[in-house]
Structures are given as structure tokens and as C-alpha cells.
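Every number for a ligand or one of its atoms is a count from 1 in the order of the listing. Along the sequence shown, the residues carry numbers beginning at 1.
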Amino acid sequence: MTVPHTPAAPAAPAHARPVRKAVVPAAGLGTRFLPATKATPKEMLPVVDKPAIQYVVEEAAAAGLDDVLMITGRHKRAIEDHFDHAFELEQALAAKGDTLRLDAVRDPARLAAIHHIRQGEPLGLGHAVLCARRHVGAEPFAVLLGDDLVDPRETLLSRMLDVRDEHRGSVVALMEVPREQIHLYGCAAVERTGQDDVVRVTGLVEKPSPQNPPSTYAVIGRYVLDPAVFDTLERTPPGRGGEIQLTDALQELAVGGTVHGVVFDGLRYDTGDKADYLRTVVRLACDRPDLGPEFLAWLREFVAAAESGETGRQGLAA
Ligand code: UTP
């Protein structure tokens, strides 16, 4: 049998390559969540029954990103082990015929090709992203913060990848927040485009003064970045808090006119913040078919009791 000759596809020009790689920074100190984060990275805190960072990697995989680089810090082991095989555990579950739990244990390692690199010192998010330079090379890439969850039903990242295809350059995710909260975020000055959910970013400032923010658009933890960001980060000096800020590098690119924003009004949770973490767990637990109905019934009773000042008497059982 002769095999028909198929000419090799011409190599795509660098600018036309689709985004394939995701970078997940998870090397921060997590001081807002101490003491839980003393020996465990905040990205590994459980949200119902999966660590927060697994939701993030699932989101990247769902958007077609099959190569994930974790930027880890002093708790490297926990994250590495979670996305690796666990032979003894798998053997024990297989021997019991517990296929459901066996799959749950195997799933994290099957999501994508997972790589790890260490950020020697937590010198800031910009520095963490710069640590990915050698792995990413000259391709555009996504950055997903490991403690920032976008609800699994949302399609924000896919939309950002489409916007990158259309406009080139870099794309940030923006959410409108109440004016009194904008000083807690990176904030974007924007101009409208012809598309409802897409803006051109004309400037960015990390944690603006509450008196004079450029807008109420907060930058949230999803980015699709042009590799040009690496050269910019190389020369970005430490900024707010003495850290090398990704926002400062993006400000330089924004001034050059190459940054767009996707305005997102869906569900997003900052699991690095205690109150938001609790809201995330409750919300996602209520949405789970195996847990939700019973948990929600208990929650209703709990809230009713709390409102009448009787929480102390409510039992633990549903
Ligand atoms: P945060 O500012 O939320 O992380 O960074 P943090 O510094 O750990 O938090 P607190 O304020 O002390 O509680 C956003 C993301 O960037 C990562 C964090 O792990 C988090 O996912 N990060 C931050 C790094 O990977 N390296 C850094 O140097 C800083």
C-alpha cells in the first residue's frame, strides 16, 4: 500500500500562533490567610472538595490551553504532588474498586501538560510572570491567578482569546466595582470600542488613590499577554509595596496602544480573601447536585435561626 504524500503545512508566522500556554502564578505569601497558609499555599485551600488551583487549571484546559506552567514558591511540593500521579493511593482505590474516587485522584494530572518553575523570592506578580519567559518563548500566553476563580459556567477566558485573535497585543479582564472599592485593585482607564464588552485600555494604575481613580474598572486575575510584555517586565522597577508589578508593565504597553480589556460581569471569586473564600465555598457547594439540595436546606434553617438569634441551638446535622 502506498501512503499518499502530504505536503507539510507551512509554519504559521509567529504572530498567527494560537495561544496554547497558560501560566499560573502561585508563589505569593498568602498573608491575608494566615495561619492556614503557614505550611500550605493559599491556592491549595479546598473549595468544597478541590483545591482552588484545580478549578483554575480546569478553566485553562476548558479554553483549549494544554500546557500549564505553575510558578511556585516555598510550598512547591503540595502543588507539584497534586498535579502528579499518586501511585499508592491509586493502587489502594483500584484494589477496592472505587472507580469514582480513583478518577478524582487521577483527574488533576490529566488536565494538561503541567510544568513547574520556582520563583526564588516573592518579588511581585510581574516578577512571577517574568519567571515564565524561558518556558513561554515568543508566543502569546494566558496568565490565570491561582487564587482567583471564575465560575466554571463562564466563558471569560475563551472570549479573551478571541479578542486577542482580533486585536493582537495583550488583553486584560475588567470588572466594574463600587467606587469605594477600586483602591483595592489595579484600575484601568478605558475608551469604548465598537463592541459592547471590549474596551481599549489607555492607562493602568495599581491600587489608585480612592479620591481620584481613573475609572471603576478593576483588573481581575485573567490576562492574555503578548510576549512583548517580557522585555517590558525586564526593565520594570519595583513599584507599589516594593514589588515588581504586572500592572506597571501593562501600563507601558497600554500607553503604546496595544492593550484591550474584556468587560466581565459574571461570577468571580477571590479565594485569597477570607470573606470571599467563604462565599465561594457556600455558592459552589449549593450548586453541586450531590451536595446542594441538602446543604441548601440546612443553610436556610441556619439563616432563619441566625435572624431570630437562635444559631447556638441549631444542630450540626442537616
Ligand atoms: P496576591 O497579592 O493576591 O498574593 O497575588 P499574596 O501576596 O500571596 O497575597 P497576600 O496579600 O499576602 O495575602 C496574586 C497572585 O500572584 C501570585 C500569588 O500567589 C497570587 O496567586 N504571586 C504574587 C506570585 O506568584 N508571586 C509574587 O511574588 C506575588
Side-chain angles (χ1 to χ4, degrees), residues 21-47 50-60 68-80 82-83 114-133 135-136 141-150 157 172-173 175 177 181-187 204-208 218-223 225 229-230 233-234 236-250 268-278 280:
K21 292 179 181 166
V23 173
V24 180
L29 294 178
T31 55
R32 281 171 295 162
F33 233 116
L34 283 168
T37 47
K38 184 179 172 192
T40 306
K42 64 176 166 179
E43 291 80 3
M44 285 298 292
L45 295 178
V47 175
K50 287 188 282 190
I53 198 168
Q54 186 174 334
Y55 291 86
V56 172
V57 175
E58 286 171 354
E59 182 191 340
V68 176
L69 176 69
M70 308 278 180
I71 313 290
T72 56
R74 64 205 168 97
H75 308 303
K76 179 187 163 86
R77 243 336 255 289
I79 296 177
E80 234 178 38
H82 185 72
F83 289 99
I114 312 253
H115 310 269
H116 304 268
I117 194 169
R118 198 130 188 186
Q119 183 187 17
E121 265 184 275
L123 299 177
L125 177 57
H127 180 259
V129 170
L130 190 52
C131 292
R133 181 169 204 165
H135 181 86
V136 167
F141 62 105
V143 173
L144 296 86
L145 299 194
D147 61 343
D148 207 334
L149 259 60
V150 170
L157 189 56
V172 296
M175 269 190 110
V177 299
Q181 285 176 20
I182 191 69
H183 69 282
L184 302 170
Y185 294 87
C187 174
L204 282 156
V205 52
E206 186 61 34
K207 302 194 171 64
V219 179
I220 60 166
R222 297 293 179 272
Y223 309 81
L225 299 178
V229 77
F230 291 127
L233 279 169
E234 293 275 10
T236 300
R240 213 186 156 86
E243 295 191 343
I244 298 174
Q245 298 286 356
L246 180 60
T247 309
D248 293 345
L250 290 173
R268 170 258 175 189
Y269 320 97
D270 175 6
T271 63
D273 173 81
K274 280 183 219 176
D276 221 6
Y277 171 82
L278 293 173
T280 312

**Prompt:** With a cut-off of 4.0 Å, which atoms of ligand 1 are near a heavy atom of Pro122?
**Reply:** 28 (O)
**Request:** Say whether, by atom type as modelled, one donor and one acceptor occur between the side chain of Tyr223 and the main chain of Leu246 under 3.5 angstrom.
**Result:** no
**Message:** Heavy-atom contact check, 4.0 Å cutoff: does His127 meet ligand 1?
**Reply:** no
**Asked** Knowing that exactly one of Leu149, Thr271, Asp147 qualifies, which makes a side chain to side chain contact (heavy atoms under 4.5 Å, CB included) with Tyr277?
**Response** Thr271
**Request:** Just need the protein heavy atom nearest to atom 16 (O) of ligand 1, so name the residue and atom and give the distance.
**Result:** Leu125 CD1, 3.6 Å
**Message:** Less than 4.0 Å from atom 5 (O) of ligand 1, is there any heavy atom belonging to the protein?
**Reply:** no
**Non-hydrogen atoms of Ile220 and Asp148 that approach each other most closely** = C-OD2, 4.0 Å
**Message:** Any side-chain to backbone donor/acceptor pair from Lys76 onto His116? Under 3.5 Å, distance only.
**Reply:** no
**Item:** Protein heavy-atom partner closest to atom 26 (N) of ligand 1 - residue, atom, separation in Å
**Value:** Gln119 OE1, 2.7 Å
**Request:** Report the nearest protein non-hydrogen atom to atom 7 (O) of ligand 1: residue, atom name, distance rounded to 0.1 Å.
**Result:** Leu29 N, 4.0 Å
**Message:** When you compare the side chain of Leu250 with that of Leu225, does any pair of heavy atoms fall below 4.5 Å?
**Reply:** yes
**Prompt:** Taking only heavy atoms of Gly146, which atoms of ligand 1 are found under 4.0 Å from at least one of them?
**Reply:** 21 (O)
**Item:** Element-labelled atoms of ligand 1 that are located less than 4.0 Å from some non-hydrogen atom of Lys42
**Value:** 1 (P), 3 (O), 4 (O), 6 (P), 8 (O), 9 (O)
**Prompt:** Heavy atoms, side chains only, cut-off 4.5 Å: are Val23 and Val136 in contact?
**Reply:** yes
**Asked** At a 4.0 Å cut-off, with the gap strictly under it, does some heavy atom of Glu43 reach an atom of ligand 1?
**Response** yes
**Gly28 N/O to ligand 1 N/O under 3.5 Å** = yes
**Asked** Hey, is Ala128 touching ligand 1 through its side chain, its backbone, both or neither, going by heavy atoms under 4.0 Å?
**Response** side chain
**Message:** Using heavy-atom distances only, which candidate in Leu145, Val24, Asp270, Leu246 approaches atom 14 (C) of ligand 1 most closely?
**Reply:** Leu145
**Asked** Is Ala27 in polar range of ligand 1, meaning some N or O pair under 3.5 Å apart?
**Response** yes
**Request:** Would you sort out whether Arg133 and Glu234 count as a side chain to side chain contact (heavy atoms under 4.5 Å, CB included), showing the intermediate values?
**Result:** CA-CA 10 Å; Arg133 181 169 204 165; Glu234 293 275 10; 3.0 Å; yes
**Prompt:** Any idea which protein heavy atom is nearest atom 28 (O) of ligand 1, and the distance to it?
**Reply:** Gly124 N, 2.7 Å
**Prompt:** Which residue supplies the protein heavy atom nearest to atom 11 (O) of ligand 1, what is that atom called, and how far is it?
**Reply:** Arg32 NE, 3.1 Å
**Item:** Closest to atom 10 (P) of ligand 1 (judged by heavy-atom distance), picking from Ile53, Thr37, Val56, Thr31
**Value:** Thr31
**Message:** Using only atom types and a distance under 3.5 Å, with no angle test, would you say the side chain of Arg240 pairs donor to acceptor with the backbone of Asp248?
**Reply:** no
**Request:** Answer yes or no: does an N/O atom from Gly30 fall short of 3.5 Å to an N/O atom of ligand 1?
**Result:** yes
**Request:** Please state whether Glu243 comes within less than 4.0 angstrom of ligand 1, counting heavy atoms only.
**Result:** no
**Asked** Under the 4.0 Å line, does any protein heavy atom show up next to atom 2 (O) of ligand 1?
**Response** no
**Asked** With a 4.5 Å heavy-atom cut-off, do Lys21 and Leu69 have their side chains touching?
**Response** no
**Message:** Using a 4.0 Å cutoff against the non-hydrogen atoms of Leu123, which atoms of ligand 1 qualify?
**Reply:** 28 (O)
**Message:** I'd like to know if the side chain of Arg118 reaches the main chain of Thr72, judged simply by a donor and an acceptor atom lying under 3.5 Å from each other, with no hydrogens or angles considered.
**Reply:** no
**Message:** I'd like to know if the side chain of Gln119 and the backbone of Cys131 have a donor-acceptor N/O pair within less than 3.5 Å.
**Reply:** no
**Asked** Is there a donor-acceptor pair closer than 3.5 Å between any side-chain N or O of Thr280 and the backbone N or O of Tyr269?
**Response** no
